[in-house]
Each structure stands twice: as structure tokens, then as C-alpha cells.
Amino acid sequence: VTIPLPAFLIEHARGLVLFDTSLNPKAAEDAEGTYPDLAPLMAGLQFPSEARIDRQLQALGFAPGDVTHVVLSHAHFDHVGGMHLFSEATFLVGEDEMPFAFWPDPVTDPFYRQSELEFLRGVDLRQVHGDLDLFGDGALVLLHTPGHTPGHQSLLVRLGSQSVLLAADVVHLREGLAGVPFPGDWDTREMRRSARRVVQLAEAEQATLWIAHDPRDWERRTPPPGTYE
Ligand SMILES: [Zn+2]
């Protein structure tokens, strides 16, 4: 299985919002040096330099300093690796995430990299309780979807012509929507509730449910840097 490690950029009148930041850009040149303790996971990594988050922003005509808000689905290494580029942005994290990230269960410990997470102590960090309509107009709604991690968030994006529900890691493959947990999930029962919630919400909203790590969800999309309006 080839697992995409995405980030999503959303232009809104009140800000430029990044949902997740993928891997550390340095890993494009030196994956094992950047993640020495995760070397076995990095062995098959395909990370061309044009896929670095800074290069992809540049290709779209933006610089990291243009990003006003970074929403983190959770604090695992494959979602926070590029966050250090956005020190001027406001960060939005589920409120139970950071205490757990700094003292995780042993089974999830390898996914939280303390050395990278320390960065969040120096930024404008908002810990979000429950759901949050980010700009008050319904366009971007952060959804509290715990299970994979305690503070996991998904993002409902209501565009002009369609709605997209970015599930992040509620599940890792579509099969998970039937309630099949991932071995590294923090809480299996919560994961099942969140999987049910995103399915029901996507139906109600007639939104496209987009599973971040499921390669089949990418085959149906405009390839990066594809845009949606
Ligand atoms: Zn992930």
C-alpha cells in the first residue's frame, strides 16, 4: 500500500488556513537522518523535493509567512513535520492532544516526536474544546473526532460549489469506516463513534469524505497541486 501523507491549504477571506503539515521537509533529502528512530518506516518513502510543503506553497504562489492558521488534526509526526515553518500562524489543536502527546501510551509513543512538538510551546496555540466554526460563517468547521488520538480533529470545508469532509486519521483506509480500528489508535470505542460521526455528517452535508491516508481517495481527486472551488 502506498500511503499519502497530505496537507490541505484553504483560502478564506479571513485567512489562509493549512490543515496538517505532512512530514518534515528535510526528510525529502535525508529521511533516515531526519527520522533516525523510524528508519524501517522510511525505507520505502517516496518524497521528491517538489512535494515539500514549502515548495508546494511556493508553486501555488504563497510563502509560509502567508499562512495565518494551522489546524492540526493531531500531533503525530506525519502531520506536524512541516509546522516549524509557520511560527507566525495561529495553531489550533484539540484540547486533549498536547498533554497526551507529551506523555503518550507506549503503543503510540513512536508517533509523537517530543523534539518537534516543543516548537508548539512558542507559538500562538489555541486548544479547541469540541467543534469550532473557525470564522463563524460555516465555511470551515473543526470537528472533534477523538479515537485515533484524544484530541483528533477533522475539518468540514464548505466551498462555493461543494463540501468536503477532511477526515484526517479517524480511519486510515475506507475499510475502517465499518469500525475496524488501527493498532495504534488511542481509544477504539471513541474511534468507532468518530467513524460513525464523519460518515453520517458527510451524508447529511452531501460532502465528499476524504480519508487522508487512503490512496484510493486520491485516485478520484485532482492530483496536487489541484484546487477545488
Ligand atoms: Zn497519519
Side-chain angles (χ1 to χ4, degrees), residues 1-8 18-57 64 70-87 91 93-94 96-123 125 145-154 166-176 180-188 191 210-218 224:
V1 176
T2 300
I3 303 167
L5 304 176
F8 299 87
L18 191 62
F19 184 52
D20 284 341
T21 67
S22 189
L23 290 180
N24 192 318
K26 283 188 295 189
E29 281 78 43
D30 181 13
E32 292 185 12
T34 308
Y35 299 108
D37 48 320
L38 299 171
L41 279 177
M42 295 298 148
L45 184 70
Q46 298 167 29
F47 192 179
S49 56
E50 64 267 23
R52 293 167 47 127
I53 186 107
D54 48 347
R55 304 272 165 80
Q56 291 204 60
L57 282 171
V70 177
V71 179
L72 295 176
S73 66
H74 61 302
H76 284 175
F77 76 96
D78 55 318
H79 298 259
V80 304
M83 67 178 174
H84 61 278
L85 298 170
F86 308 101
S87 55
F91 280 73
V93 185
D96 298 324
E97 188 70 8
M98 295 322 298
F100 183 76
F102 281 108
W103 202 284
D105 290 338
V107 69
T108 62
D109 185 78
F111 299 116
Y112 289 112
R113 300 179 66 75
Q114 313 301 328
S115 56
E116 289 187 314
L117 297 175
E118 283 293 330
F119 163 83
L120 288 171
R121 296 189 193 275
V123 299
L125 178 72
T145 49
H148 181 51
T149 67
H152 189 277
Q153 306 186 100
S154 304
L166 300 172
D169 289 13
V170 169
V171 297
H172 290 65
L173 295 171
R174 288 215 153 241
E175 286 78 358
V180 184
F182 172 77
D185 284 344
W186 158 72
D187 187 311
T188 302
M191 169 268 160
W210 194 333
I211 315 290
H213 290 314
D214 192 325
R216 293 160 297 184
D217 276 38
W218 288 85

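Predicted model only: the values in this text are computed from it and were never measured.
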Q.
Which residues pass the side chain to side chain contact (heavy atoms under 4.5 Å, CB included) test with Pro99, not counting sequence neighbours?
A. Gln127
**Q.** Distance (rounded to the nearest 0.5 Å) between Leu166 CG and Phe8 CZ
**A.** 5.0 Å
Q | Test side-chain contact (heavy atoms from CB on, under 4.5 Å) applied to Leu117 and Met98, step by step | A | CA-CA 9 Å; Leu117 297 175; Met98 295 322 298; 4.3 Å; yes
(Q) Testing the basics here: between Gln114 and Phe102, what is the closest heavy-atom pair and its distance to 0.1 Å? (A) OE1-CD2, 3.0 Å
Q | For Ser154, all residues meeting side chain to side chain donor-acceptor pair (under 3.5 Å), sequence neighbours excluded | A | Thr145
(Q) For a quick test of reading the model, state the closest non-hydrogen atom pair linking Asp217 to Ile211 and the distance between them. (A) OD2-N, 2.8 Å
Q: Go through the structure and list residues passing ring-ring contact (aromatic ring centres under 6.0 Å, His included) with His152, not counting sequence neighbours.
A: His74
Q: Grab the two heavy atoms, one from Ser22 and one from Ala7, that are nearest each other, plus how far apart they are.
A: N-CB, 4.4 Å
Q: Could you tell me which residues satisfy side chain to side chain donor-acceptor pair (under 3.5 Å) with Glu32, sequence neighbours excluded, listed by chain and number?
A: none
Q: Mind listing the closest non-hydrogen atom pair of Pro4 and Thr2 along with its distance?
A: CD-O, 3.4 Å
Q.
In the structure I gave you, are the side-chain heavy atoms of Pro25 and Ile53 within less than 4.5 Å of one another anywhere?
A. yes
Q) Rounded to the nearest 0.5 Å, how far apart are CG of Asn24 and OG1 of Thr34? A) 5.5 Å
Q: Kindly write out the residues that satisfy side chain to side chain donor-acceptor pair (under 3.5 Å) with Arg216, not counting sequence neighbours, or none if the list is empty.
A: Glu175, Asp214
Q: Please name all residues satisfying ring-ring contact (aromatic ring centres under 6.0 Å, His included) with Phe91, sequence neighbours left out, ordered by chain then number.
A: Phe119
(Q) Does any part of the side chain of Leu173, heavy atoms only, come nearer than 4.5 Å to the side chain of Pro215, both counted from C-beta? (A) yes
Q: Quick one: do Leu85 and Leu57 satisfy side-chain contact (heavy atoms from CB on, under 4.5 Å)? Show the steps, please.
A: CA-CA 11 Å; Leu85 298 170; Leu57 282 171; over 6 Å; no
Q: Of all the heavy-atom pairs spanning Pro104 and Ala101, show the shortest one and how long it is.
A: CD-O, 3.5 Å
Q | Heavy-atom pair of closest approach, residues Val71 and Gln153 | A | CG1-NE2, 3.9 Å
Q.
So His84 and Val123, do their side chains get closer than 4.5 Å, heavy atoms only?
A. no
(Q) Tell me whether the rings of Phe77 and Phe111 are parallel (<30°), tilted (30 to 60°) or perpendicular (>60°). (A) parallel
Q: Return the set of residues passing side chain to side chain donor-acceptor pair (under 3.5 Å) with Asp78 (not counting sequence neighbours), or none when no residue passes.
A: His213
Q | Test item: Trp210 side-chain N/O and Ala168 main-chain N/O as donor-acceptor pair under 3.5 Å | A | no
Q.
Once salt bridge (charged side-chain N to carboxylate O under 4.0 Å, His left out) is applied, do any residues pair with Arg55, and if so which ones, sequence neighbours excluded?
A. none
**Q.** Residue pairs involving residues 96-113 (criterion side chain to side chain donor-acceptor pair (under 3.5 Å); sequence neighbours excluded)
**A.** Asp37-Arg113, Glu97-Tyr112, Glu97-Thr149
Q.
Between Thr21 and His79 (side chain of the first, backbone of the second, donor and acceptor by atom type, cut-off under 3.5 Å), is there such a pair?
A. yes
Q) Going by heavy atoms in the side chains, are Val171 and Met191 under 4.5 Å from each other? A) yes
Distance-only check: which donor-acceptor pairs under 3.5 Å involve side-chain atoms of residues 38-52, not counting sequence neighbours?
unit_1, atom_1, unit_2, atom_2, d
Arg52, NE, Asp54, OD1, 3.1
Arg52, NH1, Glu29, OE1, 2.9
Arg52, NH2, Asp54, OD2, 2.7

